[in-house]
Protein chains: 2
Amino acid sequence: MALEHAILVSLAERSASGYDLARRFDASIGHFWRASHQQIYKVLARMETDGWVASQVVPQDGRPDKKVYAITRAGRDELARWTSAPTPAEHLRSEFAVKLRALPFGDASAIVDDVRARRRAHVERLAYYEDSAARHYPRPDDLADAELGGWLVLRGGILSEQAGIAWCDEILQRLTEPADR
Amino acid sequence: MALEHAILVSLAERSASGYDLARRFDASIGHFWRASHQQIYKVLARMETDGWVASQVVPQDGRPDKKVYAITRAGRDELARWTSAPTPAEHLRSEFAVKLRALPFGDASAIVDDVRARRRAHVERLAYYEDSAARHYPRPDDLADAELGGWLVLRGGILSEQAGIAWCDEILQRLTEPADR
DNA sequence: GATGACATGTAATGAGTTACATGATTGC
DNA sequence: GCAATCATGTAACTCATTACATGTCATC
């Protein structure tokens, strides 16, 4: 499971409550590893019994108390151990690919609409990543060690969205201009 | 859930036993939607009670009997219905991205090894897809309707592997030649 | 006699989603 | 008064993986 490790990375960067983590997962990290707040609370509880994180209740005024989690020594050890183990192979899992393959048995015009929507989503995320890159890493040739990982992850997102857009364009060309061939 | 629909597509192309489906998922379709034989048998059973598929036991000589599943009228209807509904947004889920982000807290040289292994896997899959494309679709400008979906899926695989390789190359350049900057 | 392909499953566990539950404060 | 944000959870359920279970036949 990598959710635990995603949380460890996030807490290693900065301590946070479950609620804070859920928001981070909605924003930056979550583009590469989704998690709901329910799941985060559950995993945090297990991680605390494992000794990877420690919590401290922080009273706030005008707002509910919050439980701030910090990574422990054991958590840092686990994170280091995890990075030195090979990542298991990741397989694509694309409902969209299955749907393309269903073309001869389905509604081609609805699928075309779907491709268009998908392309828009790719374009949006690409813009978000490029904006993020420009704001957080204005000088990519001159990155500190602590920034390198975040930059490379964003680059991966950018390359992946560009590939996604190129794919949609190929599909649309095939599905919307059959008369030209 | 799309496993049901992946199975429906596969059965729409050709009737098969659970065992046959498991092998297809290991080969072609499985590059975009993995499934184990255990899961396939379970889902097939549910799909049969739902009336989407019907099975017939076929005795064989020299081999165990097999249960051959065929898609039903209701299954085809469901497949058509599914293609006309929009595909829910797909989010990346990359343990590898999390690991990159863990760079400042982990073992950089082990991560470099991991990137190299990952690059090799991408190169291998790319070769597989290109070979598949050349063998099954030798004339891509002149595809029958029934072939188009399969071809487009392969193109998606090819574009995605190429993007993966480009990403690995960027990462390796950053992590192995820092002295040049 | 061992290994591997063929063939179909069950059981236990873990991962993840959806729905539900509660309660304070801030701004419209 | 109502919705939104802050804050933390539980319960039920579905999805997926891992381990286990059984048995035939063909080939080395």
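Every chain is numbered from 1, with letters handed out A, B, ... down the list of sequences.
Residue A:S36 places no side-chain N or O under 4.0 Å from the OP1 or OP2 atom of C:dT18. Within the structure, a side-chain polar atom (N or O) of B:Q60 is placed less than 4.0 Å from OP1 or OP2 of C:dA7. A sub-4.0 Å separation between OP1 or OP2 of D:dC6 and a side-chain N or O of A:R23 is present. Checking the phosphate oxygens (OP1, OP2) of C:dA15, no side-chain nitrogen or oxygen of A:K42 falls inside 4.0 Å. Contact check, A:Y41 against D:dT8: a side-chain N or O comes under 4.0 Å of OP1 or OP2. Not one side-chain nitrogen or oxygen of B:Q38 sits closer than 4.0 Å to the OP1 or OP2 atom of C:dG9.
Ring geometry for A:Y129 against A:H31 counts as perpendicular: the plane angle is over 60°, on a 0 to 90° scale with 30° as the lower cut.
Atom CZ in B:R46 sits roughly 18 Å away from atom P in C:dT8 (whole-Å rounding). Rounding to whole angstrom units, NE2 of residue A:H37 and C1' of D:dT8 are separated by 9 Å. Between A:D50 atom CG and C:dG14 atom P the separation is 12 Å, expressed in whole Å. Between the P atom of C:dT8 and the CD atom of B:E48 lies a distance of 12 Å, rounded to the nearest Å. Distance CD (A:Q39) to P (D:dA12): 19 Å, rounded to an integer number of Å. Taking atom CG of residue B:L21 and atom C1' of nucleotide C:dA7, one finds them 13 Å apart after rounding to whole Å. In this entry the distance linking CG of B:D26 with C1' of C:dA7 reads 15 Å, nearest Å. Across the protein-nucleic acid pair, A:D20 atom CG and D:dT8 atom C1' stand 12 Å apart, rounded to whole Å.
Atoms OG and CH2, on A:S10 and A:W33 in that order, are 14.5 Å from each other to the nearest 0.5 Å.
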N/O to N/O distances under 3.5 Å, protein versus nucleotides 23-28 of chain C:
unit_1 : atom_1 : unit_2 : atom_2 : d
C:dT25 : O3'    : A:G62  : O      : 3.2

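Each of A:D113, A:D169, A:D114 was scored for a salt bridge (Lys or Arg N to Asp or Glu O under 4.0 Å) with A:R119, with one residue passing: A:D169.
Judged by distance alone, the side chain of B:W52 and the main-chain N or O of B:L44 form no donor-acceptor pair under 3.5 Å. A side-chain donor-acceptor contact under 3.5 Å links A:E48 to the backbone of A:S55. Of the possible polar contacts, one joining the B:E90 side chain to the A:F96 backbone as a donor-acceptor pair under 3.5 Å is found.
Taking only side-chain atoms of A:S17, from C-beta outward, the nucleotide of C:dG9, D:dT8, C:dC6 with the closest atom is D:dT8.
Looking at which nucleotide of DNA chain C each of B:R93 and B:G18 is closest to, the 5′-most match is held by B:G18.
In this structure, B:I71 is not a member of the same hydrophobic cluster as B:Y19, with clusters built from ILVMFWY side-chain heavy atoms closer than 4.5 Å.
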